[in-house]
Novice: 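Pasting in a structure now, in structure tokens, and then I'll have a few things to ask.
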There are 2 protein chains.
Amino acid sequence: MAIKNKTKYAILGVLCLKPCSGYDIKKFCDKTISHYWSENFGHIYPVLKQLQEEHFIQPSEDKASAKRNVFQITDEGKREFVEWLMLPPEIQSPRSELMLKLSFGNYIAIEHVIAMLGEVKDRNIRNLAYYRELEGSYLTNDAAKKDPAFPYWLAPLRHGILTSEVNIRWCEETVQNIKQYAPSNLEEDAYV
Amino acid sequence: MAIKNKTKYAILGVLCLKPCSGYDIKKFCDKTISHYWSENFGHIYPVLKQLQEEHFIQPSEDKASAKRNVFQITDEGKREFVEWLMLPPEIQSPRSELMLKLSFGNYIAIEHVIAMLGEVKDRNIRNLAYYRELEGSYLTNDAAKKDPAFPYWLAPLRHGILTSEVNIRWCEETVQNIKQYAPSNLEEDAYV
DNA sequence: ATATAATATATCAGAGTGATATATTTATTT
DNA sequence: AAATAAATATATCACTCTGATATATTATAT
């Protein structure tokens, strides 16, 4: 196989936590891990079928759940998932549309670039506020702190916080640099 | 169209800088913008064909270049590119394999997680060193500083620097948290 | 009762990845 | 000068993943 199917492992992971339907899996992703992982129906359903054929998941043994198309992970599935967990994460080929656009910033009016960076900054401010709130509720929850999974749930959240903070600083710095180094590109170099 | 073809715009951008063959475009991406953008042949060649049909690019007017399958951007192509540049960058659905793995860290032995974070830290240290070197050569190059594109080339580089720094700090912090909150999950909770 | 929100699944075209194969030209070594 | 290696160049393939759309059923609120 050319490229690894990551959706497969994401689904196995979610099913380690609790039996789910395809719909439940999508909901879980959107609600709980959406700031670092996304899934969509177009992939979830075919992969669920494939996982069943591979005997990594099976219809829930609970009668009511089975009727609702709920799946549970098998022992084989758990083994497969844990094996994947221990492999070093693959380096992802980057594709930042923002950076690509920005690197051609001298092709458009400076106002456009500054507005763009303003929007990015605002989005990061909103994200940061949300993360900080989540962090607060985590750190004041003694039950959560005793869960052995606690530091593993905290880690992506902390990454979100630190990343948002740095993005905000970077936006400010970049606007300053643009104003300093390219104050009058409108007349000389811009296409528009 | 459901999803925007970004390769199209990346190619137009590169051809704004200089006429290129598909091979040249790939080389440029790998050499110059690889820390925030990647392209591959499997997409470049069909998109080049498509761009030609849309009259956004054409075979180079230079005889030698034309023989070498070099393309140049048309005025229409420039217009198309600049129009795209001014659109707000689309929000990308995140997929961090590292974060996904980490959030299930309590399913494997703590040593594995710590080793994984060590590798991530090392990679970020290497990247940071490379970025810093590049930054140094930029900032001491007076000709480069006078180029109106200067702040736009600096921006992605600065983002790489700030992001690497924060990732290094995050790795250290996360290892500490794991040791503090889950010092003995080997016996109690790990599958392996 | 009725509207509407939540649950549930299927399907599709198209974007993007990375591996592989292959042929030609140019540079380097012997 | 011949042999070899490296760079240039393109095509193709199976597969992953995205996001839109369509559609039907079951809870829940008014």
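All values reported here derive from a predicted model rather than from experimental measurement. The figures that follow rest on heavy atoms only: side chains count, while hydrogens, waters and symmetry mates do not. So that the names make sense, note that chain A is the first sequence line, chain B the second, and so on, each numbered from 1.
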Novice: Heavy atoms only: give me the nearest B:His55-B:Thr74 pair and the separation to one decimal.
Specialist: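 Shortest heavy-atom contact: O-OG1, 2.8 Å.
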
Novice: Count the heavy atoms of every other residue, nucleotide or ligand shown that sit under 6.0 Å from NZ of A:Lys49, and state whether that count exceeds 12.
Specialist: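 No.
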
Novice: My understanding is that only residues two or more places apart in sequence, or in another chain, count here; which of them pass side-chain contact (heavy atoms from CB on, under 4.5 Å) with B:Gln176?
Specialist: none

Novice: For residues 26-34 of chain A, please give each side-chain donor-acceptor pair under 3.5 Å, one per line with the distance, not counting sequence neighbours.
Specialist:
unit_1, atom_1, unit_2, atom_2, d
A:Lys26, NZ, A:Asp30, OD1, 3.2
A:Lys26, NZ, A:Asp30, OD2, 3.3
A:Lys26, NZ, A:Glu39, O, 3.0
A:Thr32, OG1, A:Phe28, O, 3.3
A:Ser34, OG, A:Asp30, O, 3.1

Novice: Can you pull the side chain to side chain donor-acceptor pair (under 3.5 Å) pairs that have at least one residue in residues 80-89 of chain B, sequence neighbours excluded?
Specialist: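 Counting only pairs at least two positions apart or across chains, the side chain to side chain donor-acceptor pair (under 3.5 Å) contacts touching residues 80-89 of chain B are B:Lys8-B:Glu80, B:Tyr9-B:Glu80.
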
Novice: Residues in side-chain contact (heavy atoms from CB on, under 4.5 Å) with B:Met99, at least two apart?
Specialist: A:Tyr36, A:Pro156, A:His159, B:Ser96, B:Trp170

Novice: Please list, chain by chain and in numerical order, all residues satisfying side-chain contact (heavy atoms from CB on, under 4.5 Å) with A:Pro19, sequence neighbours excluded.
Specialist: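 With neighbours one apart ignored, the set is A:Val70, A:Gln72.
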
Novice: Would you say A:Tyr23 reaches C:dT7's phosphate, i.e. side-chain N/O to OP1/OP2 under 4.0 Å?
Specialist: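 A:Tyr23 to C:dT7 OP1/OP2: side-chain N or O found under 4.0 Å.
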
Novice: Quickly work out the A:Lys4 NZ to C:dA19 P distance and round it to whole Å.
Specialist: 12 Å

Novice: Whole Å only: how far is the NZ atom of A:Lys6 from the P atom of C:dG16?
Specialist: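 In whole Å, C:dG16 P and A:Lys6 NZ are 17 Å from each other.
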
Novice: Identify each atom pair where a protein N or O and an N or O of nucleotides 21-25 of chain C are less than 3.5 Å apart, giving names and distance.
Specialist:
none

Novice: Given atom CG of A:Asn69 and atom P of C:dT9, what is their separation to the nearest angstrom?
Specialist: 4 Å

Novice: If you fit an axis to the five pairs at each end of the helix from C:dA1-D:dT30 to C:dT30-D:dA1, how big is the angle between those two axes, to 10 degrees?
Specialist: 30°

Novice: Let me confirm one number: the NZ-CD distance from B:Lys6 to B:Glu90, rounded to the nearest 0.5 Å.
Specialist: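 It is 4.5 Å, given to the nearest 0.5 Å.
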
Novice: Within the structure, does a side-chain N or O atom of A:Arg68 lie under 4.0 Å from either OP1 or OP2 of C:dT7?
Specialist: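 It does not, given that no N or O in the side chain of A:Arg68 lies less than 4.0 Å from OP1 or OP2 of C:dT7.
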
Novice: Name every residue in residues 90-101 of chain A that has at least one heavy atom under 4.0 Å from any atom of DNA chain D, in order of residue number, or write none if there are no such residues.
Specialist: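 When residues 90-101 of chain A is checked for heavy atoms under 4.0 Å from DNA chain D, there are no hits whatsoever.
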
Novice: Side chains of residues 120-130 of chain B: which donor-acceptor partners sit under 3.5 Å, not counting sequence neighbours?
Specialist:
unit_1, atom_1, unit_2, atom_2, d
B:Lys121, NZ, B:Glu172, OE2, 3.0
B:Asn124, OD1, B:Asn167, ND2, 3.1
B:Asn124, ND2, B:Val120, O, 2.9

Novice: Please enumerate all residues that pass salt bridge (Lys or Arg N to Asp or Glu O under 4.0 Å) together with B:Glu119, with sequence neighbours excluded.
Specialist: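 Here no residue qualifies.
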
Novice: Please evaluate residues A:Thr174 and A:Asn177 with respect to the criterion side-chain hydrogen bond (donor to acceptor under 3.5 Å, both in side chains), reporting the C-alpha separation (whole Å), side-chain torsions for both, the decisive distance (0.1 Å), and the verdict.
Specialist: CA-CA 5 Å; A:Thr174 300; A:Asn177 281 339; 5.5 Å; no

Novice: Using salt bridge (Lys or Arg N to Asp or Glu O under 4.0 Å) as the criterion, list what pairs up with B:Glu76, not counting sequence neighbours.
Specialist: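 So B:Glu76 forms no salt bridge (Lys or Arg N to Asp or Glu O under 4.0 Å) with any residue.
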
Novice: Which of residues 25-51 of chain B have a heavy atom under 4.0 Å from DNA chain D?
Specialist: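 Those residues whose heavy atoms fall under 4.0 Å from DNA chain D, taken from residues 25-51 of chain B in numerical order, are B:Lys27, B:Phe41, B:Gly42, B:Tyr45.
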
Novice: Taking 4.0 Å as the cut-off, does a side-chain nitrogen or oxygen of B:Asn5 come that near to OP1 or OP2 on C:dG16?
Specialist: yes

Novice: Considering the options A:Trp153, A:Phe81, A:Trp37, which one meets the ring-ring contact (aromatic ring centres under 6.0 Å, His included) requirement together with B:Phe104?
Specialist: A:Phe81

